[in-house]
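Quantities reported herein were computed from a predicted structural model and do not represent experimental measurements. Ligands are counted one by one from 1 in listed order, and the atoms in each one are counted from 1 as well.
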Amino acid sequence: MRKFSVSVFRQQFPILQTVNDNHKLIYFDNAATTQKPQAVITSSVNFYQQSNANVHRASHFLSVKATTAYEQVREQSKAFINAKSIKEIIWTKGTTEAINLVAHSYGMNYLNQGDEIVISQAEHHANIVPWQYVAKVTGAKLVVLPLTPQGIIDLTAAKSLISKKCKFLAINHISNVLGKINPVKELIKLAKQQGAVTLIDGAQAIAHLKVDVQELNCDFYVFSAHKMFGPTGLGVLYGKQELLEEMPPYQFGGEMIKKVSFSGTSYNELPHKFEAGTPNIVAVVDFGACLRFFDNIQHDQMATYEQQLIDYVFTKLNDIKALKFLAKACPDIPLFSFTLQGIHHQDAASFLDSKGIAVRSGHHCAMPLMESLALDGSVRVSLAAYNTFAEVDYFVEQLHLFCSGEAEQSNQHRIHDHREGVEQADVDRVISTNAEFISADEVLALFSSAKSWDLKHRQIMLLAKQLVRLDKALRNEDDLISGCESQAWLKVKFNSQTKQLTFQADSDAKVIRGLMVIILSVYQHKTGQQIIDFDIEEYFSHLGLMQHLSPSRGNGVKAIVERIKQIAYNYQ
Ligand code: PLP
């Protein structure tokens with residue numbers, strides 16, 4: 001096996017050569033999904049070109065070829081996590097589906113009124129909501145383990161909270177927000193002593209740790225292939241055979257059936273009992289290529305390199321005065337969540353995006369954790385072994401620049417602008433007299449000279465200043481726009497004589513305020529019909545801002561436009 005070299009490793013990921021708008025892609029969103037090596041990409045093409053057929057169903061040579069390739073990966077997966085048998089490896093479409101499978105098949109059938117399901121404060125929604133639902137239906141109670149200030153599940157608290165009533169423990173191996181390894185082995189032991197069944201959400205651990213399910217002694221372990229350089233649409237549910245044998249199927253049809261008649265149906269054996277319908281065959285085969293790719297990595301050396309990255313990023317970020325980490329400890333994987341004093345997380349992420357750096361901002365599907373930290377989101381920077389120190393240097397340099405630029409602007413703002421927190425009377429005045437709102441032609445002129453994404457982004461941020469802020473007391477739930485990662489509000493006034501609509505909008509994120517100004521440049525003081533007739537997509541396309549109208553909930557502009565159109569329909 002070759003020595004781990006980041007440059008050689010990196011070369012295997014073609015997407016990392018991307019240059020967008022003169023910026024080399026720096027991909028720091030690996031906790032969301034990792035990039036794919038050529039071996040995985042080629043596997044997909046080869047399968048469709050040479051082996052494509054449905055699995056298990058036919059005896060023709062192509063089906064045999066596909067089925068053999070497909071089932072071979074189950075063997076590889078068994079070895080990868082040290083399961084006892086291939087019967088313990090169930091294909092799902094991801095971690096989320098794997099947890100749902102266990103929640104429905106085990107939770108709904110074996111948990112009862114008064115039982116306790118124990119999770120932690122730092123779970124991904126995928127490991128909260130299915131259990132919340134099971135609790136609601138069965139009458140079981142959800143118990144939440146607190147965290148230490150260092151961001152790991154508090155073992156001392158767990159000792160008293162995992163009681164005889166605990167019948168199920170479902171916790172993450174590594175939090176997707178805090179990046180700390182939880183003491184899962186000890187927690188599994190505690191739960192076992194009380195006779196509880198255990199599930200570990202390994203979505204963030206699988207790419208970084210050597211997982212041995214027998215050593216952990218968990219009942220279920222779940223992960224997604226796409227977070228470990230593998231394909232999307234595939235997850236693994238590991239379950240102890242004796243439990244899986246006992247559990248009823250989760251979905252019905254296809255390969256999970258042994259015999260069907262109108263007088264009754266018998267189910268197939270494990271693992272097929274839990275795999276209804278045509279599976280994601282190509283993803284399974286590609287996962288085989290991913291596991292071979294993994295086998296060829298010098299893991300100790302890769303882990304050493306990742307540790308160097310962790311230490312480097314942590315030290316560098318610690319130098320940024322405005323930056324505050326969510327947990328009071330260095331993470332165990334290269335995943336850093338932080339806030340920046342006085343700066344909205346979405347503004348930081350969109351600025352970094354304008355420099356070619358892909359990071360994540362928002363609640364990271366962990367709203368209860370954010371709530372416990374009294375935050376509405378954070379910036380999350382997550383690296384993989386193909387990221388380099390040079391990328392880190394560039395990122396930190398840009399973040400420094402951004403923070404100092406923002407600090408300077410907010411000082412100026414304090415001196416020159418006292419409009420934040422205006423009163424209702426002021427809002428009414430602005431709403432009714434805002435005839436001077438920037439026009440679409442002016443916006444088009446501004447953007448026609450801003451060619452690069454960098455400049456467009458700067459322009460959006462400058463436009464944000466045009467929006468009169470809404471007083472906090474006026475930001476109510478009814479005006480809140482769902483679909484935005486940052487908070488955004490929209491108020492409307494209808495003039496029954498002119499039939500015109502006048503909007504007042506606000507958001508916590510400056511970038512959203514800027515985009516709202518652009519939206520309102522065409523919708524302000526227009527009738528419902530005029531709003532409906534206007535082609536906003538064409539307008540955004542002219543401005544070179546189509547990425548902001550994407551269905552991604554990343555920025556929520558689409559949600560704002562949809563809310564305005566809905567209002568326009570009502571006032572047609
Ligand atoms: N659990 C954790 C800890 C995660 O980080 C994620 C995804 O980010 C999930 C569950 C859900 O994974 P998937 O979307 O692949 O089902």
Side-chain angles (χ1 to χ4, degrees), residues 27-36 40 77 90-104 119-133 144-145 147 151-153 169-182 184 187 198-209 211 216 218 220-238 250 279-280 283-284 286-287 290 326-327 331-337 358-370 377-384 485 552-554:
Y27 186 73
F28 282 176
D29 194 17
N30 293 282
T33 195
T34 52
Q35 299 302 345
K36 317 304 168 204
V40 170
S77 306
I90 315 287
W91 302 129
T92 65
K93 66 180 160 79
T95 304
T96 306
E97 194 186 45
I99 298 171
N100 274 278
L101 190 161
V102 177
H104 276 79
I119 60 170
S120 87
Q121 187 84 62
E123 298 309 320
H124 187 280
H125 296 162
N127 199 30
I128 299 174
V129 187
W131 301 114
Q132 225 168 23
Y133 188 70
V144 181
L145 300 177
L147 306 179
I152 58 168
I153 300 174
L169 174 78
I171 48 165
N172 67 85
H173 203 159
I174 298 181
S175 148
N176 66 315
V177 179
L178 304 169
K180 296 294 291 175
I181 304 174
N182 280 312
V184 284
L187 288 160
T198 55
L199 177 144
I200 305 298
D201 171 356
Q204 293 299 335
I206 200 71
H208 302 281
L209 307 181
V211 172
L216 286 175
C218 53
F220 301 104
Y221 195 95
V222 297
F223 61 93
S224 303
H226 71 94
K227 293 194 196 274
M228 52 173 290
F229 314 126
T232 49
L234 184 75
V236 171
L237 163 63
Y238 156 81
Y250 165 56
N280 193 344
V284 173
D286 296 348
F287 187 48
C290 167
L326 266 53
D332 298 318
I333 60 169
L335 183 159
F336 305 83
S337 289
V359 303
R360 180 85 182 264
S361 74
H363 52 64
H364 318 301
C365 298
M367 281 186 183
L369 174 62
M370 291 295 162
S378 73
V379 180
R380 184 183 73 184
V381 173
S382 54
L383 284 70
E485 279 263 312
S552 154
R553 75 187 141 93

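The closest donor-acceptor contact from the side chain of Asp201 to the backbone of Ala203 lies under 3.5 Å. At least one donor-acceptor pair closer than 3.5 Å links the side chain of Thr34 to the backbone N or O of Phe229. The main-chain N or O of Val359 is never found under 3.5 Å from a side-chain atom of Asp29 such that the two would form a donor-acceptor pair.
Of the protein's non-hydrogen atoms, the one nearest atom 14 (O) of ligand 1 is Thr96 OG1, 3.7 Å. Summary of contacts: the protein heavy atom closest to atom 12 (O) of ligand 1 is Thr95 CB, 3.6 Å. Counting protein heavy atoms only, atom 5 (O) of ligand 1 is closest to Gln204 NE2, 2.7 Å. At the top of the distance list for atom 4 (C) of ligand 1, counting protein heavy atoms only, stands His124 CD2, 3.4 Å. Here the protein heavy atom with the shortest distance to atom 1 (N) of ligand 1 is Asp201 OD2, 2.5 Å.
With a 4.0 Å heavy-atom cut-off, ligand 1 is reached by the side chain of Lys227 but not by its N, CA, C or O.
Ser378 and His364 are linked by a side-chain donor-acceptor pair at a separation below 3.5 angstrom, with hydrogens and angles left out of the test. Counting only N and O atoms by type, the side chains of Asn172 and Glu123 include a donor and acceptor under 3.5 Å apart. Looking only at atom types and distance, the side chain of His173 has a donor-acceptor partner in the side chain of Tyr221 under 3.5 Å away.
Within the structure, the closest approach of Glu123 to ligand 1 does not fall below 4.0 Å when heavy atoms are considered. In this structure, His226 is part of the shell of residues with a heavy atom less than 4.0 angstrom from ligand 1.
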